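Quick note on labels: first sequence line is chain A, next is B, and so on, each numbered from 1. If you're wondering where the values come from, they're calculated on a predicted model, not measured in any experiment.
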Amino acid sequence: MTAQLVVFFALAALAVIGAVSLILQKHPIHSALSLIVVMVALAGLYLLMGAEFVAAVQIIVYGGAIMVLFVFVIMLLNAGVEEHTSISKMAGIPGLLLVVALAGFVAATIAKSGASVQAATQTGMLSSTKGISEMVFKDFVYPFELTSFLILVAILGATVLAQREKS
Amino acid sequence: MIDHLPRAIDIYRTLPELIWCCFGVLAMLLQPFVRSRQFFTALALIGSLAGTLASVFALVNSGPGFYGLIQSDSFSFFFRMLVGTVTFLVVLAAGPYLDRERLPIAEFYALLLFATAGMGVLASAQELLTAFIGLEMSSISSYILAGYRRDALKSSESAMKYFLLGSFATAFFLYGIALVYGATGTTLLDQMANADMTSTLLKLGLALILIGLGFKVAAAPFQVWTPDVYEGAPTPVTALFSAGPKAAAFALLLRIFATVPAATRFWFWAFWVLAALTMFAGNLGALVQTNVKRLLAYSSIAHAGYILVAFAAVTTMSSESNRGAGPAYAAVLFYLLSYALVKLGAFTIVSQLGGAGEKSLSLDDYAGLSQRQPFVAAMLSVYLLSLLGLPVTAGFFGKFYIFKAAVNSHLLWLAILMAINSVIGAYYYLRVIVVMYMREPSAEAAALSPVPFPVGVNLVLLITFAGTILFGVYPNPVINFILRPSLLGH
Amino acid sequence: MIPTNYYVILSAILFGLGVFAFIFRRNIITIFMSIELMLNAVNLAFVAFSQALGKLDGQVFVLFVIVVAAAEAAVGLGIIILIARNRQTLNVERVDLLKL
Amino acid sequence: MPAYPILEYLWIIPLLPLLGSAINGLLGSKWPNKYATTAAISSTGLSFLCALEAVREFFANGQQLVHKQYFDWIVAGNFRGGFDLQMDQLTVVMVLVVTGVGWLIHIYSVGYMGHEGGYYRFFSYLNLFMFFMLILVLAANYALLFVGWEGVGLSSYLLIGFYFLRKSASDAGKKAFIVNRIGDFGFMLGMFLLFRTFHTLDFRAIFDAAANPAWGHEAWGQFGTFTVACLLLFMGATGKSAQLPLYVWLPDAMEGPTPVSALIHAATMVTAGVYVVARSHILFVHSETAMVVVAVVGCATAFFAATIGLVQTDIKRVLAYSTVSQLGYMFLACGVGAFGAGIFHLMTHAFFKALLFLAAGSVIHAIGGEQDMNKMGGLWKKIPWTFWTMLTATLAIAGIFPLAGFFSKDQILLGAYQISGGKPLYAVGLLTALLTAFYMFRLIFLTFTGKPRFDEHKAHVHESPWSMLGPLVALAILSVIGGWVAAPALFQGRDYFADFLAPIFGTQENAEVLGAASAHTLELTLAFVAVIAAAIGIGVAYWMYLAKPGKADELAKSMKPAYTTLLNKYYVDEFYAAAVVRPLVWLSTNVFWKAADVAGIDGTVNAIAQGATSIGDGVRHSQSGNTRSYAVWVVVGAIVILAVIFFWPSASKTAVGMVR
Amino acid sequence: MLHGGHLLSVLIFFPIAGSLALLLLRGDDHKFIRVIAMIVSTAEFLFSLLMLRGASIGAAGYQLEENVKWIVAPPINYHLGVDGISMFLVLLTTFLTPISVLASWNSIQLRVKEFFIMLLMLEVGVVGVFLSLDLFLFFVFWEVMLIPMALLIGIWGHERRVYAAVKFVLYTMTGSILMLVGIIWLYNATGTFDLPLIQAALANGLLTNAPQTEMLLFLAFFLAFAIKVPLFPLHTWLPDAHVEAPTAGSVMLAGVLLKLGTYGMIRFCLPLFPEASHRAAGWVALLAIIGIIYGALVSMVQPNLKKLVAYSSVSHLGFVVLGIFAFHNISIQGAVFQMLAHGISTGALFLLVGMLYDRRHTFEISEYGGLSTPMPKLAAFFLFVALSSLGLPMLNGFVGEFLILLGTYQRHWGWASWAALGVILSACYLLWSYQRVFFGQITVEKNRTLPDASWREKGILAAMAIVILWMGIGSVFITRRTETATNTVMEQIAPQRPYEAAAPARGMKQAPTGFASENQAQTTSMERLGTR
């Protein structure tokens, strides 16, 4: 049981706990915070895998930007503890069983077929950041450009949707 | 470093999308300065038209672009033309609607154009992540457009449902991509050709991808969102939904299919089942609808089912002989074309008759329409008959080709199920015609003065009608084109 | 050396939890968060695979996914605000005007 | 101008009445009656003259069979139904009877129908009947014969229902047509079988083929082709000629005007069946079974109808039943192989029965439409002509020497007596003769003798006009002398009639059976016995109705059940109604229509539609509008797809060629 | 093969032109519209008469053919042609159309323009079905004819018109969709939609279907036709459609549309699937006989005059089907003739019923009675037509029934004997209803003053009566011309073809003519698709 493995399990446990608490928390704010925990844990795992750039982005963009946005909205709408209704019949016991079945099946399949992915040989060898930047601006320049338009769309949407009706 | 920059040829091969995006940006930028709707309408028209024409240019120098991320070939040409035309028509039809509902104009057109660009990307993407970006572009714009009537409860609700469920499904799609990437080490479709078929990881990934796309094309049991979203969205947007994104999603499915043998192999029975479920879900659901808009939504589900039948046919055929699938592709493409024309026409009429605030959408409002507005009634009947698949309409050939593909690949049972469904479908399409022609209008309905049809709308109707009849009598040009062996790049 | 499998299985678990959260939470915002959770699971898988394959494009995908997530967040929150403004509730079950 | 113009253009004979019918039918409504009269009388009269001329030419031509093909009527595959006419000895007899008697009755009708509405209509129908009847007797193949066969049915339908305001009349007409159709059903099948056997329907071809002895047992035997074919044809005959069990329409047919009864239901149409049997005798003689059936049915009918005739009080119905009975005689004749005798009786019967009807009509006419004999009596002084002519006819039918009926009936009984096992038939026939004599004279006595039982002031009785009496007289003469052509036979002479028909039926069998001499003595004795029987019948009638009036009623009371049974015609109509008509209607209404059609088939269809709709409603309600449910649906879909892709049996491989 | 000019195309497209002309007219000038419609339909009839001259008697195969490429992939041709059978059915159609126009002269008062347009479009569809020799083209016209008829029923019909119209469409579509599948399947086996080519392939043994396949194909086609006919269990749409349809609609429906089914059987089921036809014959005949007797009995007890006539059609068409599936050249001749005869006489019956309706606006028999007194002429015509319908010799009804029964008897005397019962029953229901309507005293006061036939009605009825009589006496004029066609059918269904024994289980024998075994046939057809 190497140190790496210990760290991995620690972080994994953290992530899972965060996710579970996202589910269990009644107040959106707490959910948001537990989601942040998950993201931090994942960032740690990225580091563990030597993907430092991704880890950084994970912290900055996800943890920093997106989640802040969430929290901001929650505050804006001062959403309280969510009311517990169960109008939907489907989302009761049957839903539970179905979800468990689905998740279980996916996990099991992956566990079985994990062997098909050969274990990593040279970790951290590829100086990821430089390589990534090269790929982004060379191989994947087209989707990269497209994402810019995507963000424009997002901005546009946000303004259109959120702006008050001009009478 | 020069070699890092994209070459001109890459630009040419993606020209339509770029043009659409640019015009979208242009609309955004000019929005603060120009007030007149006509201006933006003109801009959007020019933009959509320019992009559509640019696809010809893209076809002329066809081939892979951006290191094989996209593929500009006859196939993508067809879909770019299709979505471009759809956008063009939607722009035409939407003008009066926006005025009537007093909605911001520039943003609408900009979103429309971005959505179109996204669909174009989907149609030409040769790599899963690019496809994903395109998908998101069209989807996110669609979410916004669905909620475009901000103050209308239904509209915002449809936006919410579409958004939540859409992203939910997208997550599956994305996870599928991840697994496929893991299994094959690449996301380039043509490199997956020689992936080992035995890998369960690949199998799972493809399954998840199918789930994501199945949601987008509204295949049962993913169809649940469709009626709500279609009903809630502003009608011109509904017209777009039923014609554009669906076609683009089908395009991606078809391309994955054609290039990834594994997909061809794993997906057959899934398509068989989905097709059967979808046909029945759509038709049976439509039987009992009284809201025309919702009825058409259900019918579009049913039609997705018919197209899936053709997909099942593609599988077997392409497994039998490399070029054998030709007819089945033809079936899918022709069907999408005819279907897009018809649905656009129908929804345009519905949106026009809906009146301010989309009040009169129920069947009763259509009673006696044949006296009030004989030509509108006649056109709507033609569209419905085309959906029902009667001769001298494009819909008939569409259905015919699908039947042919199905029988070609011995999908006899599927063909019979489809036959049964077309009979069920006949019932509710006829119901609308019956109401328009054979039922006397209620007192207040009779009192209504004919709804005015502006020039733009009439133009849309004219084009769609002409197309419906033309392709119903003489489909040769289209057929010739989509049957060319070089349909998909290689 | 940690087998890639572990990472992927973890991602699968997180994804499953995301699905679970999506279905069993009523608050629209929370539901949206569960989507983000699912996307994170995907990212984990991507990174794991890229590392396993010794190819970097997996990490590039992660970047794209994050961008898309951001965009979605913007639009999604906009929609949520719209809903909240229109009908003073964030309970997804209360938003069922469109049915049948 | 051919040597024998009429023989060349035989079609002229039937065509003339058709013309008359057409003219009257199309223009008559706008015409005064006298034009209609002219058209009708002249057309039939002309056709009678043509018939005479044709007969003359026939003899001049040495009695050779004349066979003419005019045009193809139906042609398909190897079947040819041509408009072919032929003339031979049998045809001659029939044509003369039809045109002659027909013409007389036309003349009579002028007077009788003079004051009726729809005068032109009546004559149009009557001429139409003449046309079809002539087609029937002139036809040279079964197909064309069937045309006449159905045609006379139609005209009788029209004429019976002439007074269509009376429901009873239209009922009777309908009944006549439908019962005839039942017979025709058999007749058609018979034709089909003949065609199947001989590949043609031409008389000559069939008879030549049938005559050659090459036919094996399957054709001759108990239930060989011939037997079946003959029985089917005979079924048609029973319908047309009112034999058991299809005789029921004839008594009702008396609803029609009396001349119609005389022409159609006494003289001509009803004898068509006899004619067909005689015409096809070559087939019949090939089948023992068929002959026996014909004989027995004929004999039974003769007796059965006679018994009913005993008690009827409606003058025309009595005559109707006597007609049925006499037709039975004719079939008896055919059945015992004495076809010549059958035709002979057909002829004589045409004379005296037509006369009887016309006279009865004259009586009814005289006392203003009354038909019940109980309301008559003592008329003989008031309408002497009618009385004497009718008496003649009665004597004739009773078979009193030397009137026509005597000779023909005598021949029939002789024929019956002679064949092996024919004694019972003979006995019944004799008894029937006795009964006939009885009820006919009962009719005479009730009608003409005794004291009037009607209101003399109201009904001012008057003798009919000459246009009616003329035919009576003419027919009376014929009834007297009609039989004399066969008279010499009694005195060792020749039977001219039989000899004339010999080319068709062959010579009388009795010559072969036993020596000519003994045959002759036998004939004399039988004749004597027959006359005695008739005399007894008359005597009883005299005793019951003239000597001791009221005896009849006592008798009736003393044997009430029998009497009522007879009075109600053995309840046959009631039986048919209960056993066939009502069940059929009930079945059709409640089972076939209401249950099977509406509830069953249509119900199923609607149920399917209903089911689809309800399923649709289910689908609709899965649209709960709740996003969480929708998410679960997405999960369901995911599971479906995964399940199919991973666990579907042959999912991994796409089987080629198999039907999915 | 473009000899004989474009007469057939003219026949198809002239009414279209006419209806377009009507479309352009002003809607309110009813008189003018009627006149135009009358002129167009009459001209169409005169054109169709030219076929008699153009087609030579006794020449085998199809005549006046026109064959133009239409769709490239799959290869579909605009291929027209007539033979004896179709020629007279077309004549029947073109004859009945002007009659229907005349019949709806006064009875149609709202949306007159649309009405006559629909009538003409219906004619187009029907004529097209009879003339097309390309399976696909045939199907196109088959569907085209559907909508005008549905609208005729649904817009100008009576109380429950909508129900009837929808029922009509759904029934017909159910069959026709399956037929489409069958047509496509056949195409896959042969690589062509061209009827003569397929028949040739069958004739020289290049195409042989596996028994099971053939039976499925046969059923696919047969169901569509059986629904149209309608054959016994599938007939329930007919009474509703008839009762609700306007007079002209009923005339066209009974006169022509029902014949499409039987025509299809003769033209497609028998020649294309001989073995299957032989195997199915027994069952089909059973249904036909049931239809004959059942239809007659149900018709007998109908309280509604029009329903009565409708059910009588079920009975009469049963005869036709029986004649077809007796496989005897006489019976098939009879069947063809019976189609025409039924078209005329039942059409005439519906016209008469319609005339009664125009006067009293009811179909209930109980509402009538004693009508001979106020309207003797109408009564006379009615009787005449009724007699022709119950098959009185020398009228048209007899020839068909007689030949059918005669021919059937030659092969299956049992069938013929059962069917012949229909002859009795037809007399029952027709005479009974006639008696109830026209004989006896007048029971309803309104009827006392009803006007007799007007000149227009007299004209219509006289025309029908003349045709009835002419067909009854001069039947040879028709049979002479249909003979070759029916004989051809007989040859095509002659059971054993020599090489059958050797033929492979499914697909076609390898042969130079390009017919390959089924799978290859597919690929060949696909190549045809691909290379275009």
Side-chain angles (χ1 to χ4, degrees), chain A residues 4-5 8 12 15-16 19-20 22-23 28 31-32 35 38-39 42 45-46 49 51 54 57 61-62 65-66 69-70 73-74 77 79 82-83 85 87-88 91 95 99 102-103 106-107 110-111 114 117 119-123 126 128 131-132 135-136 140 143 147 150-151 154 157-158 161-162, chain C residues 1-10 12-21 23-27 29-30 33-34 36-37 40 43-44 47-54 56-57 59-60 62-64 66-71 73-75 77-82 84 90-91 93-94 96:
Chain A
Q4 277 184 320
L5 215 47
F8 168 80
V16 172
V20 172
L22 163 70
I23 296 171
S31 306
L35 183 56
V38 177
M39 290 170 171
L42 289 185
L45 286 174
Y46 296 158
M49 282 185 279
V54 179
V57 175
V61 179
Y62 249 129
I66 300 180
L69 197 57
F70 272 92
V73 170
I74 296 170
L77 305 175
E82 83 174 20
E83 67 172 325
T85 57
I87 298 165
S88 160
V99 172
L102 176 65
V106 172
I110 290 174
V117 183
T121 47
Q122 65 298 61
T123 321
L126 26 86
S128 52
I132 290 173
M135 293 195 93
V136 168
F140 292 98
T147 46
L150 192 60
I151 292 170
L161 292 172
Chain C
M1 184 60 249
I2 304 151
T4 317
N5 230 3
Y6 289 14
Y7 292 104
V8 187
I9 292 171
L10 176 60
I13 293 169
L14 291 178
F15 191 85
L17 289 170
V19 175
F20 191 94
I23 292 177
F24 289 96
R25 298 310 302 269
R26 281 81 172 164
N27 187 314
I29 303 179
T30 325
M33 285 186 219
S34 56
E36 296 294 343
L37 178 58
N40 275 284
N43 287 350
L44 180 58
V47 177
F49 284 129
S50 84
Q51 186 248 14
L53 297 163
L56 273 181
D57 43 10
Q59 306 192 14
V60 177
V62 174
L63 295 184
F64 285 125
I66 292 176
V67 174
V68 170
V75 174
L77 293 171
I79 292 174
I80 291 173
I81 291 170
L82 197 59
L90 283 176
N91 182 345
E93 292 205 304
R94 297 249 175 256
D96 58 353

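Donor-acceptor pairing under 3.5 Å is lacking for the side chains of Y46(A) and Q59(C).
In this structure, chain C has a heavy atom under 4.5 Å from the side chain of V38(A), while its backbone stays farther away. Heavy atoms closer than 4.5 Å to chain A are found in the side chain of L10(C), but not in its backbone. Heavy atoms of V75(C) lying under 4.5 Å from chain A belong to its backbone as well as its side chain. Contacts between A70(C) and chain A at a heavy-atom distance below 4.5 Å involve backbone atoms as well as side-chain atoms. With a 4.5 Å cut-off on non-hydrogen atoms, I29(C) touches chain A through its backbone and its side chain both. A65(A) does not touch chain C: none of its heavy atoms, backbone or side chain, sits under 4.5 Å away. Heavy atoms closer than 4.5 Å to chain C are found in the side chain of L35(A), but not in its backbone. Proximity to chain A involves both the backbone and the side chain of I79(C), based on heavy atoms less than 4.5 angstrom apart. Residue contact with chain A, scored on non-hydrogen atoms closer than 4.5 Å, involves the side chain of L82(C) exclusively. Only the side chain of L42(A) comes within less than 4.5 Å of a heavy atom of chain C; its backbone N, CA, C and O stay farther away. Neither the backbone nor the side chain of F15(C) comes within contact range of chain A; no heavy atom of the residue lies under 4.5 Å from a heavy atom of that chain. Proximity to chain C (any heavy atom under 4.5 Å) is shown, for I87(A), by both the backbone and the side chain.
With ring centers used as reference points, F8(A) lies under 6.0 Å from Y7(C).
Rounded to the nearest 0.5 angstrom, I9(C) CD1 and L14(C) CG are separated by 12.0 Å. Here the CE-CD distance, from M39(A) to E36(C), works out to 6.0 Å after rounding to the nearest 0.5 Å. One finds the CD atom of Q51(C) at 11.0 Å from the CG atom of L56(C) (value rounded to the nearest 0.5 Å).
Interface remark: of the candidates V67(C), I66(C), I23(C), V19(C), I66(C) forms the most heavy-atom pairs closer than 4.5 Å to chain A. Most heavy-atom pairs under 4.5 Å with chain C, from the set A15(A), A103(A), G95(A), A154(A): that is A154(A). The candidate from V16(A), L77(A), V20(A), V57(A) with the greatest count of non-hydrogen atom pairs under 4.5 Å with chain C is L77(A). Listed options D57(C), V62(C), V68(C), I13(C) were ranked by heavy-atom pairs under 4.5 angstrom with chain A; first place goes to D57(C). Of all the listed residues (V60(C), N43(C), N40(C)), the one sharing the greatest number of non-hydrogen pairs under 4.5 Å with chain A is N40(C). In terms of heavy-atom pairs under 4.5 Å with chain C, the best-connected choice from I151(A), L102(A), V61(A), L150(A) is L150(A). The choice from V47(C), I81(C), T30(C) that makes the most heavy-atom pairs within less than 4.5 Å of chain A is V47(C). Contact count against chain A (heavy-atom pairs under 4.5 Å) is highest for L77(C) among D96(C), L77(C), L90(C). Of the residues considered (I23(A), I66(A), L69(A), V99(A)), I23(A) shows the highest number of contacts with chain C, using heavy-atom pairs under 4.5 Å.
When atom types are taken as modelled, the side chain of R26(C) and the backbone of T85(A) share a donor-acceptor pair closer than 3.5 angstrom. A distance-only check finds a donor-acceptor pair linking the side chain of R25(C) to the backbone of L22(A) [under 3.5 Å].
Nearest approach of F24(C) to A91(A), heavy atoms of both residues: CE2-O, 3.1 Å. Nearest heavy-atom pair across P28(A) and N27(C) is CG-ND2, 3.5 Å. Shown here for A12(C) and A107(A), the closest heavy-atom pair between the two residues is CB-CA, 4.0 Å.
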